[in-house]
Amino acid sequence: MSESDTLLDGLRVMLGLNGDDQDQLLNLIIKTTRQNLGFRLGVTEVPEELSFIALEVCVRRFNRVKNEGMASYTQEGESISFLASDFDDFDGIINEWRRRHDKDVKSLGKVTFVNAYGGKTNANESPS
């Protein structure tokens, strides 16, 4: 069973769907969610250890179908609000994964200073 099939099965369970009536929509949501997460991680394949993010975001995305573009919705005292991004709650985890795998975009790299005049200087001495 492929990872996409596993994700599809998990998504069906979390959404309480029986059968494959919604599979075309679910597969599209899975595909775009994995692409978005991969882009955020800086990888082409989502690592298994972060597949839970894809599942959670797929559920959110499915629940927003036909409500795209809305920030909030109110009817007869019921109010529903959406985050700006379905990934907002996972930013900390995504950033930590990027840091651990040297994909931290906040860093511009490392710098090394070279003494152009050669020789060593004791930190307590001034160069002559």
**Prompt:** Hey, are the side chains of Ile53 and Trp97 touching, using non-hydrogen atoms and a 4.5 Å cut-off?
**Reply:** no
**Asked** Who are the side-chain hydrogen bond (donor to acceptor under 3.5 Å, both in side chains) partners of Arg34, not counting sequence neighbours?
**Response** Glu3
**Prompt:** Leu7 versus Leu26: any side-chain heavy-atom pair under 4.5 Å?
**Reply:** no
**Request:** Quick one: list whatever passes side-chain hydrogen bond (donor to acceptor under 3.5 Å, both in side chains) with Glu45, sequence neighbours left out.
**Result:** none
**Prompt:** Do NZ/NE/NH1/NH2 and the carboxylate oxygens of Arg12 and Asp23 come within less than 4.0 Å?
**Reply:** yes
**Side chain Asn36, main chain Thr32, donor-acceptor under 3.5 Å** = no
**Request:** Check whether any side-chain heavy atom of Arg40 sits under 4.5 Å from a side-chain heavy atom of Arg98, and report yes or no.
**Result:** no
**Asked** Do the side chains of Leu25 and Leu17 join up, straight or via other hydrophobic residues, at under 4.5 Å, putting them in one cluster?
**Response** yes
**Message:** Are Leu37 and Val57 packed together at the side-chain level, in the sense that at least one heavy-atom pair is separated by less than 4.5 angstrom?
**Reply:** no
**Asked** Does a donor on one side chain sit under 3.5 Å from an acceptor on the other, for Asn95 and Arg99?
**Response** no
**Asked** Got a sec, which residues hit side-chain hydrogen bond (donor to acceptor under 3.5 Å, both in side chains) with Asn27, two or more places apart in sequence or on another chain?
**Response** none
**Asked** Is any side-chain heavy atom of Met14 closer than 4.5 Å to a side-chain heavy atom of Phe62?
**Response** no
**Asked** Where do Ile30 and Cys58 come nearest, in terms of heavy atoms and distance?
**Response** CA-SG, 3.7 Å
**Prompt:** Quick one: does Val65's side chain get under 4.5 Å of Ile29's, heavy atoms only?
**Reply:** yes
**Message:** Determine whether a donor-acceptor pair (N or O, by modelled atom type, separation under 3.5 Å) exists between the side chain of Arg60 and the backbone of Asp86.
**Reply:** yes
**Request:** Please say whether more than 12 non-hydrogen atoms of neighbouring residues, nucleotides or ligands are located less than 6.0 Å from CD in Glu49.
**Result:** yes
**Distance in Å, Arg61 CZ paired with Leu28 CG, rounded so as to fall on 0.5 Å steps** = 8.5 Å
**Item:** Inter-residue atom distance Leu55.CG - Leu8.CG, 0.5 Å rounding
**Value:** 10.5 Å
